[in-house]
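What's counted below: heavy atoms across the whole structure, side chains too, no hydrogens, waters or symmetry copies.
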Amino acid sequence: MKKIAVMIDGGFVRVLARKAGKTYDPAFIEKVGLACRGDAEEIHRILYYDCPPYEGTVTLPVSGGKHKFTGSDTWMNELARRDLFAVRRGVLKFRGWTPRKIPIAASVAALKDSDFGPDFEQKGVDMRIGLDMANYASNRSVELIALMTNDTDCIPAMKYARRAGLQVVLLCVPGCTPAPELLGHCDFVRHVAWP
């Protein structure tokens with residue numbers, strides 16, 4: 001049996017799962033992670049990378065009023081307690097407001113706060129994926145890394161792992177169109193059906 005590490009970029013998978021009408025919760029994530037194993041492979045660990053919800057008070061873009069974002073990371077704690085799972089947490093940063101529709105209203109006077117949506121950015125997720133890939137490449141506790149992401153920032157870590165002798169598989173779920181740059185730095189692509 002070939003030992004593998006499964007690495008899941010939660011922000012990427014969540015968008016595709018919700019577009020497919022899936023309930024994105026720990027049970028669903030666990031099923032996705034377990035479905036990544038190929039024949040004659042044994043999962044060493046499933047590493048899940050994501051950010052807890054943003055919490056903080058921000059100024060609304062038109063009225064200047066205050067809006068408080070709240071959320072809970074309870075689901076991440078539940079996922080971390082599941083067999084074979086390790087959760088790596090990045091940070092979600094609020095970057096401002098973006099128009100919900102372009103072009104925006106014909107008259108600036110007609111704009112409302114509801115015409116804008118929050119713009120969040122994940123920070124630190126790709127770095128954590130890269131560090132874990134480098135760690136597996138140096139300690140050789142697995143033979144294959146199965147990576148579910150579309151983030152091209154992972155390419156240097158993919159190259160490092162391959163140079164160290166590990167195979168790197170790019171995992172694709174329904175609705176995923178892999179970045180061409182990623183395809184050039186993996187050994188093969190594996191399609192994973194939604195559970």
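Salt-bridge annotation for Glu30 and Arg82: present, with a side-chain N of the basic residue lying under 4.0 Å from a carboxylate O of the acidic one. A salt bridge is absent between Arg89 and Asp50; no separation between the charged side-chain nitrogens and carboxylate oxygens falls under 4.0 Å.
Taking the six-membered ring where tryptophan is involved, the planes of Tyr48 and Tyr24 are tilted, since the angle between them lies from 30° to 60°. Classified by interplanar angle (parallel below 30°, tilted 30° to 60°, perpendicular above 60°), the ring pair Phe69/Phe120 is perpendicular.
Nearest heavy atom pair, residue Arg100 against residue Pro118, reads NH2-CD, 4.3 Å. Minimum heavy-atom separation, Arg37 to Ile4: CA-CD1, 4.0 Å. Minimum heavy-atom separation, Leu166 to Asp187: O-OD2, 3.9 Å.
Side-chain contact between Lys68 and Thr57 is present, with at least one heavy-atom pair separated by less than 4.5 Å.
At least one donor-acceptor pair under 3.5 Å links the side chain of Asp25 to the backbone N or O of Phe28. With Asp132 contributing its side chain and Ile129 its backbone, the two residues share no donor-acceptor pair below 3.5 Å. Listed for the Arg128 side chain is a donor-acceptor partner under 3.5 Å among the backbone atoms of Gly124.
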Could you give the side-chain donor-acceptor pairs of residues 90-99 under 3.5 Å, partners two or more places apart or in another chain?
residue: Arg95; atom: NE; partner: Glu121; partner atom: OE1; Å: 2.7
residue: Arg95; atom: NH2; partner: Glu121; partner atom: OE1; Å: 3.4
residue: Trp97; atom: NE1; partner: Thr59; partner atom: O; Å: 2.9

Less than 3.5 Å apart, which donor and acceptor atoms pair up between the side chains of residues 146-158 and the rest of the protein, not counting sequence neighbours?
residue: Thr149; atom: OG1; partner: Asp9; partner atom: OD2; Å: 2.9
residue: Thr149; atom: OG1; partner: Asp151; partner atom: N; Å: 3.1
residue: Asn150; atom: OD1; partner: Ala179; partner atom: N; Å: 2.7
residue: Asn150; atom: ND2; partner: Thr177; partner atom: O; Å: 3.2
residue: Asp151; atom: OD1; partner: Asp153; partner atom: N; Å: 2.8

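For the atom pair Ile43 CD1 and Leu144 CG, the distance stands at 11.0 Å (nearest 0.5 Å).
A donor and an acceptor atom, one from each side chain of Tyr49 and Asp126, are nowhere located under 3.5 Å apart.
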